[in-house]
Amino acid sequence: MKIKFKIESNEYKGPFNLEMTIGSGQTSQPAWEKNGKYFQELIMVKNKPCLVKIAHNSNTDSPIDIIAESPHEIEKEHIKDNIMEIFGLNDDLLKLYDFLSSDPKLEPTIDFCKGLRLFKAHSVFESVICSITSAHNSIRQWNKAIRLIKEKWGDEYKFSDGTFYSFPSPETLAEAPEYEFDEAECSPDFLKTRTSWKDLRSCRVGYRSKYIIKTSQMVQNEVDLEKIRNMDYESAFESILKLPGVGPKVGDCILLYGYGFGKAFPVDIWISRIVSRLYFEGKNVPNPKMRSLGIEKFGDYAGYTQLYLFHYARKSGLMEKLKPEKSQK
DNA sequence: CGCCAGGACTACT
DNA sequence: AGTAGTCATGGC
């Protein structure tokens with residue numbers, strides 16, 4: 001089946017900037033691939049593969065353009081539900097902007113981030129692996145790593161627009177080797193073929209490969225990710241921290257992107273610097289304290305506030321100012 | 001060559 | 001409870 005449909009601007013509240021949302025480096029999933037005026041990616045709808053192509057002109061209130069294609073029959077409404085969720089179109093940005101406007105320190109972020117929405121994961125497990133891989137990594141390298149993992153272990157689906165891969169299951173990644181061969185016993189020629197090996201190291205995830213394997217095993221055997229969905233935020237936070245490779249920042253990313261806990265406030269190095277400057281007079285404050293400030297001060301908007309502060313700091317050049325000076329002239 | 005990337009973990013006081 | 005060292009890998 002192949003269908004075209006639109007999402008009208010009156011079906012969601014506030015502005016929407018598709019390109020900014022996809023390109024803002026949110027680590028829930030790799031950036032969708034650009035194809036002409038469309039962005040495209042394979043998503044699973046009711047366990048059926050579906051290629052989604054989506055386009056939108058953010059400067060007008062024109063409708064969102066969607067083309068969906070699948071070897072199976074899928075109801076339009078189900079596809080639409082998934083898209084609404086992934087691009088944060090169920091979130092009321094008008095209310096968010098009311099909230100941000102009420103704090104002079106947050107108000108300036110609105111103009112820089114107009115239409116920016118949370119980019120939610122396709123599945124909780126994907127957000128777990130994506131977030132683990134993003135830790136102490138560059139966005140660029142992280143994107144490449146996740147794409148390699150999908151290529152090597154995901155199910156392959158071919159469309160006229162290209163070949164796409166689903167995200168592998170916990171069971172699959174639980175059995176993925178860190179090294180397919182012992183490098184010490186390989187001939188120099190064979191070592192050159194390493195990029196094509198079916199192991200995690202060849203995906204350029206480095207030392208995180210152990211975390212990915214162990215976490216997948218735990219998700220397969222003892223940790224029920226769906227159970228966490230119904231917990232209150234703090235219990236969910238404690239539970240997700242049990243996974244190896246998941247610390248406070250990665251954990252909050254999973255809760256935010258994977259489960260949709262709006263209260264989650266992921267504190268990375270940049271948020272730490274920004275919040276320090278805005279709310280602690282530039283003083284060095286431990287991350288847990290940053291996190292509690294975010295949760296208490298921003299409440300259900302903490303996740304969006306974090307997103308807007310981060311993006312604002314990047315776009316406004318504040319990031320550069322906040323970097324510790326290497327040498328002063 | 002050195003430094004850093006949206007940190008987490010371990011081994012120390 | 002707080003703090004330094006270490007961890008792959010690629011880009012600059």
Side-chain angles (χ1 to χ4, degrees), chain A residues 20-31 109 113 116 118-119 121 127-149 176-180 183 191 194-195 197 199-215 218 237-258 264-277 283-292 294 302-316 318-320 322-327:
Chain A
M20 191 187 290
T21 299
I22 288 177
S24 56
Q26 300 182 58
T27 56
S28 51
Q29 60 190 288
T109 65
C113 307
L116 176 61
L118 282 173
F119 196 24
S127 84
V128 169
I129 302 303
C130 283
S131 299
I132 287 176
T133 309
S134 75
H136 195 53
N137 208 343
S138 68
I139 297 288
R140 189 192 179 89
Q141 210 169 326
W142 163 81
N143 244 292
K144 203 189 301 176
I146 299 298
R147 294 225 169 267
L148 284 170
I149 288 176
E178 181 174 3
Y179 296 95
E180 187 174 13
E183 292 190 6
L191 266 179
R194 210 166 92 59
T195 51
W197 294 3
D199 60 12
L200 279 161
R201 289 285 173 154
S202 67
C203 298
R204 324 319 282 152
V205 295
Y207 62 91
R208 304 170 194 84
S209 49
K210 285 187 174 61
Y211 300 150
I212 292 171
I213 294 166
K214 192 76 204 329
T215 285
M218 287 176 69
F237 184 70
E238 280 182 35
S239 302
I240 206 70
L241 286 186
K242 290 175 186 162
L243 298 174
V246 178
K249 189 269 174 181
V250 166
D252 265 335
C253 279
I254 296 168
L255 295 192
L256 184 61
Y257 297 129
F265 191 72
V267 177
D268 57 59
I269 181 66
W270 292 109
I271 286 299
S272 167
R273 288 172 187 161
I274 296 162
V275 171
S276 161
R277 179 189 171 102
K283 276 196 296 181
N284 212 352
V285 172
N287 282 6
K289 197 167 177 180
M290 296 278 180
R291 179 171 170 266
S292 15
Y304 261 101
T305 303
Q306 188 267 9
L307 175 63
Y308 271 55
L309 280 174
F310 186 84
H311 196 71
Y312 165 70
R314 290 213 310 188
K315 288 291 174 186
S316 69
L318 183 58
M319 286 296 210
E320 299 311 312
L322 291 178
K323 270 189 182 175
E325 303 171 20
K326 290 172 188 171
S327 63

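Every chain is numbered from 1, with letters handed out A, B, ... down the list of sequences.
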pair A:I149-A:V205: side-chain heavy atoms closer than 4.5 Å | yes
With sequence neighbours left out, the residues meeting salt bridge (charged side-chain N to carboxylate O under 4.0 Å, His left out) with A:R201 are A:E178
Here the distance between atom P of B:dG7 and atom CZ of A:R291, to the nearest Å, is 16 Å
For A:R277, the salt bridge (charged side-chain N to carboxylate O under 4.0 Å, His left out) test, sequence neighbours excluded, returns none
Separation of B:dG7 atom C1' from A:I129 atom CD1, nearest Å, is 16 Å
_Work out how far the P atom of B:dA11 is from that of C:dA8, and round it to whole angstrom._
15 Å
Check: A:S276 and A:V285 side chains under 4.5 Å, non-hydrogen atoms: no
inquiry  = Contact between A:T27 and A:C253 at the side-chain level, heavy atoms closer than 4.5 Å - yes or no?
reply    = yes
Side-chain contact test, heavy atoms from C-beta onward, threshold under 4.5 Å: evaluate it for A:Y211 versus A:V250 and give yes or no. no
For residues 243-253 of chain A, the salt bridge (Lys or Arg N to Asp or Glu O under 4.0 Å) pairs (sequence neighbours left out) are A:D252-A:R291
Contact between A:Q26 and A:L118 at the side-chain level, heavy atoms closer than 4.5 Å - yes or no?
yes
Tightest non-hydrogen contact, residues A:T215 and A:V128, listed as CG2-CG1, 3.7 Å
Would you indicate whether the side-chain heavy atoms of A:L243 and A:M218 approach each other to under 4.5 Å?
yes
Numerically ordered, the residues 135-144 of chain A set in heavy-atom contact under 4.0 Å with DNA chain B is A:A135, A:H136, A:N137, A:S138, A:I139
Per nearest nucleotide of DNA chain C, the residue lying toward the 5' end, A:P286 or A:S202, is A:P286
Taking the side chain as everything from C-beta on, heavy atoms only, tell me whether A:F310 gets closer than 4.5 Å to A:T109. no
Students should find that the nucleotides of DNA chain C closing off the region near chain A, any atom under 4.0 angstrom from a heavy atom, are C:dC7 to C:dG11
Atom pairs, protein N/O to nucleotides 9-12 of chain B N/O, distance under 3.5 Å:
| residue | atom | partner | partner atom | Å |
| --- | --- | --- | --- | --- |
| B:dC9 | OP1 | A:G245 | N | 2.7 |

* Just call it for A:R201: base, sugar-phosphate, or nothing, with non-hydrogen atoms closer than 4.0 Å on any strand. => sugar-phosphate
